[in-house]
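The structure appears below as structure tokens.
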Amino acid sequence: MRDAQALVGCWELVSYTLTTADGSVLYPMGESPRGLLVYGGAGELSVHLMQPGAEPPPADSLPAGITPDLALSYGCYSSYFGRYEVDEQRKEVTHFVQGASVLSWAGAVFPRAYQLDHHQLTLTAEANAQGYAPALRWQRTG
């Protein structure tokens with residue numbers, strides 16, 4: 001089976017880490033994140049990441065008009081949808097973001113190196129401007 005076909009389906013998040021330039025590992029959604037990645041057969045995709053069990057910040061620490069629930073959602077939930085393309089030669093899947101919970105991501109292009117190992121998928125990317133290199137490990141569902 002070709003990689004492009006093998007990616008199609010639903011994937012549950014196992015781990016999400018950011019590695020810093022000095023080799024430190026950060027857990028942006030906690031050490032037990034939840035998430036779902038869906039690659040559709042016609043090139044569509046949807047990604048959802050969250051940090052379960054996070055507590056909202058105190059209301060008196062927030063700017064006017066921002067509720068604790070809104071601050072918690074912004075800090076502990078991330079999602080986007082769009083299209084994807086697979087380059088099997090380069091072992092790369094590129095996400096073309098159409099809409100996202102972070103509004104500035106709309107129109108972004110996220111290239112990801114991929115590694116398929118049976119029912120596991122690992123997506124990695126080059127370090128971003130802040131020097132963080134993400135790695136997300138997914139397990140096929142169903």
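- With sequence neighbours excluded, no residue satisfies ring-ring contact (aromatic ring centres under 6.0 Å, His included) with Y114.
- Through side-chain heavy atoms spaced under 4.5 Å, either directly or across other Ile, Leu, Val, Met, Phe, Trp or Tyr residues, F81 is tied to no other residue.
- The structure places CG of L136 at 6.0 Å from CG of L49, a figure rounded to the nearest 0.5 Å.
- You'll find the side chain of E12 stays beyond 4.5 Å of the side chain of C10, heavy atoms only.
- Across all non-hydrogen atoms, the minimal contact from S101 to S78 is OG-CA, 3.4 Å.
- If you take CG on L13 and OG1 on T141, they are separated by 12.0 Å, rounding to the nearest 0.5 Å.
- When hydrophobic residues (I, L, V, M, F, W, Y) are linked wherever their side-chain heavy atoms come within less than 4.5 Å, V14 remains an isolated member.
- Residues satisfying the salt bridge (Lys or Arg N to Asp or Glu O under 4.0 Å) criterion with E85, sequence neighbours excluded, are absent altogether.
- The backbone N or O of V47 lies less than 3.5 Å from no partner atom in the side chain of S79, so there is not a single donor-acceptor pair.
- Cluster membership for M50 and Y27, using ILVMFWY side-chain heavy atoms within less than 4.5 angstrom, is not shared.
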Under 3.5 Å, side-chain donor or acceptor atoms of residues 32-40 against the rest of the protein: list the pairs with distances, not counting sequence neighbours.
residue	atom	partner	partner atom	Å
Y39	OH	H95	NE2	2.7

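- Residue pairs meeting the salt bridge (Lys or Arg N to Asp or Glu O under 4.0 Å) criterion with at least one member in residues 110-126: none, sequence neighbours excluded.
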Expected list for residues 15-22: side-chain donor-acceptor pairs under 3.5 angstrom, two or more places apart:
residue	atom	partner	partner atom	Å
T20	OG1	D22	OD1	2.4
T20	OG1	S24	N	3.1
T20	OG1	S24	O	3.4
D22	OD1	S24	N	2.9
D22	OD1	S24	OG	2.8

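- T94 meets the side chain to side chain donor-acceptor pair (under 3.5 Å) test with no other residue; sequence neighbours excluded.
- Shortest non-hydrogen contact noted between W138 and W11 is CE3-O, 3.5 Å.
- Residues passing the side chain to side chain donor-acceptor pair (under 3.5 Å) test with Q130 are N128, sequence neighbours excluded.
- The closest side-chain donor-acceptor pair between Q120 and Q139 falls under 3.5 angstrom.
- Closest non-hydrogen pair, G41 versus E44, comes out as N-OE2, 3.8 Å.
- Considering only residues two or more places apart in sequence or on other chains, H48 meets the side chain to side chain donor-acceptor pair (under 3.5 Å) condition with S46, Y77.
- Open room surrounds OH on Y132; 12 or fewer heavy atoms of other groups in view lie less than 6.0 Å from it.
- Among pairs with a residue in residues 91-100, those fulfilling salt bridge (Lys or Arg N to Asp or Glu O under 4.0 Å) read D3-K91, R90-E92, at least two apart in sequence or across chains.
- Judged purely by atom type and a 3.5 angstrom limit, E88 uses its side chain to pair as donor or acceptor with the backbone of A4.
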**Request:** Run the numbers on Y80 and L45 for side chain to side chain contact (heavy atoms under 4.5 Å, CB included), then give the verdict.
**Result:** CA-CA 8 Å; Y80 64 88; L45 83 111; 3.8 Å; yes

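- Taking every heavy atom of both residues into account, P28 and Q51 meet most closely at O-OE1, 4.0 Å.
- Other members of the hydrophobic cluster containing F96, listed by chain and number, are V109; membership follows side-chain contacts under 4.5 Å among ILVMFWY residues, whether direct or relayed.
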